[in-house]
Amino acid sequence: PVLVSYGNHDYGVDREEGQPACLALPDIMEDALVRNGCRVLRNASMNIEHSDGRLWFVGLEDLWYGGFDPNKSFAGVPPDEAVIALTHNPDTAEIVDLKHPGLMLSGHTHGGQVRLPLVGALYLNTYNRRLDQGLFHLRHSTLYVCRGVGYIHRIRFCCRPEIPIFRLMQA
């Protein structure tokens, strides 16, 4: 299946801070995505059955605009089964980690876009500057923060775009 989990720009691309999000945009996009065979996870979960067991996917709404709700998202997910959580903003990682997903996938930071050797990212749009890009081992989970392919102000320096590919294997 093709799974979709929203991020901040799915509520309005060119919004100015303080302006309300386009409330209809996520629903319009969801209708189009579903018509094209996608499954949109907005504070929801689904599983894929396999002869070896089940793999759960949990998609959380965006932290800033989408009504982020981990309790709703993980409702009905058995605590002893494998879970991959899709949470756009890595500032949610410590909260989602309390739900014990095996893997969390995030983005949002673009890796900082402009990185200097020995300094790192000059600008990050997150509170937790440590979770900027790459792999992190949290208390209960592993988090991967993807740099993605997008950008703000059409600049990247020492921060190549990426589309990561993960190969899942039974433990």
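Residues take their numbers from the sequence shown, with the count starting at 1. What you are looking at is a predicted structure, and each value in this text was computed from that prediction instead of being measured. Below, all heavy atoms of this structure are taken into account, side chains as well, without hydrogens, waters or symmetry copies.
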Which pair of heavy atoms, one from [X] and one from [Y], lies closest together, and at what distance?
| X | Y | value |
| --- | --- | --- |
| G107 | P90 | O-CD, 3.4 Å |
| T109 | C146 | OG1-O, 4.5 Å |
| G112 | A121 | CA-CB, 3.7 Å |
| M104 | A93 | CE-O, 3.5 Å |

Measure the spacing between [atom1] of [X] and [atom2] of [Y] and express it to the nearest 0.5 Å.
| X | Y | atom1 | atom2 | answer |
| --- | --- | --- | --- | --- |
| C38 | L3 | SG | CG | 8.5 Å |
| H140 | H100 | NE2 | NE2 | 3.5 Å |
| S45 | F74 | OG | CZ | 8.5 Å |
| N36 | D31 | CG | CG | 11.0 Å |
| L60 | T87 | CG | OG1 | 5.0 Å |
| L131 | N128 | CG | CG | 4.0 Å |

Would the distance check show the side chain of [X] and the main-chain N or O of [Y] forming a donor-acceptor pair, the cut-off being under 3.5 Å?
| X | Y | result |
| --- | --- | --- |
| S141 | L138 | no |
| Q113 | I155 | yes |
| H110 | G150 | yes |
| D62 | N8 | yes |
| N43 | G67 | yes |

Which pairs would a plain distance check flag for residues 161-169, meaning a side-chain donor or acceptor within less than 3.5 Å of a matching protein atom at least two apart in sequence or in another chain?
| unit_1 | atom_1 | unit_2 | atom_2 | d |
| --- | --- | --- | --- | --- |
| E162 | OE1 | Y144 | OH | 2.9 |
| E162 | OE2 | Y144 | OH | 3.2 |
| E162 | OE2 | R147 | N | 2.8 |

Hphob cluster co-occupancy, [X] + [Y], side-chain heavy atoms under 4.5 angstrom:
| X | Y | result |
| --- | --- | --- |
| L143 | F68 | yes |
| L33 | V58 | yes |
| L86 | L63 | no |

My understanding is that only residues two or more places apart in sequence, or in another chain, count here; which of them pass side chain to side chain contact (heavy atoms under 4.5 Å, CB included) with [X]?
| X | result |
| --- | --- |
| M29 | Y6, D10, L25 |
| H137 | L135, T142 |
| R129 | L124 |
| V119 | L116, L122 |

Just jot down the ring-ring contact (aromatic ring centres under 6.0 Å, His included) partners of H108, sequence neighbours excluded, or say none. W64, H88
Mind checking ring-ring contact (aromatic ring centres under 6.0 Å, His included) for Y123 and listing every partner two or more places apart, or none if nothing turns up? none
Side-chain heavy-atom pair [X], [Y] within 4.5 angstrom cut-off:
| X | Y | value |
| --- | --- | --- |
| V96 | P101 | yes |
| L55 | I84 | yes |
| R39 | F57 | no |
| E81 | V77 | no |

Sequence neighbours excluded - salt bridge (Lys or Arg N to Asp or Glu O under 4.0 Å) pairs with any residue from [range]:
| range | answer |
| --- | --- |
| residues 137-146 | none |
| residues 84-105 | none |
| residues 111-124 | R115-D132 |
| residues 63-72 | none |

Please test R42 against D27 for side chain to side chain contact (heavy atoms under 4.5 Å, CB included), starting from the C-alpha separation and ending with a verdict. CA-CA 10 Å; R42 298 172 67 188; D27 295 330; 2.9 Å; yes
For S5, the side-chain hydrogen bond (donor to acceptor under 3.5 Å, both in side chains) test, sequence neighbours excluded, returns none
Give the C-alpha distance, both sets of side-chain angles, the deciding distance and a yes or no for side chain to side chain contact (heavy atoms under 4.5 Å, CB included) between I48 and W56. CA-CA 6 Å; I48 296 175; W56 287 86; over 6 Å; no
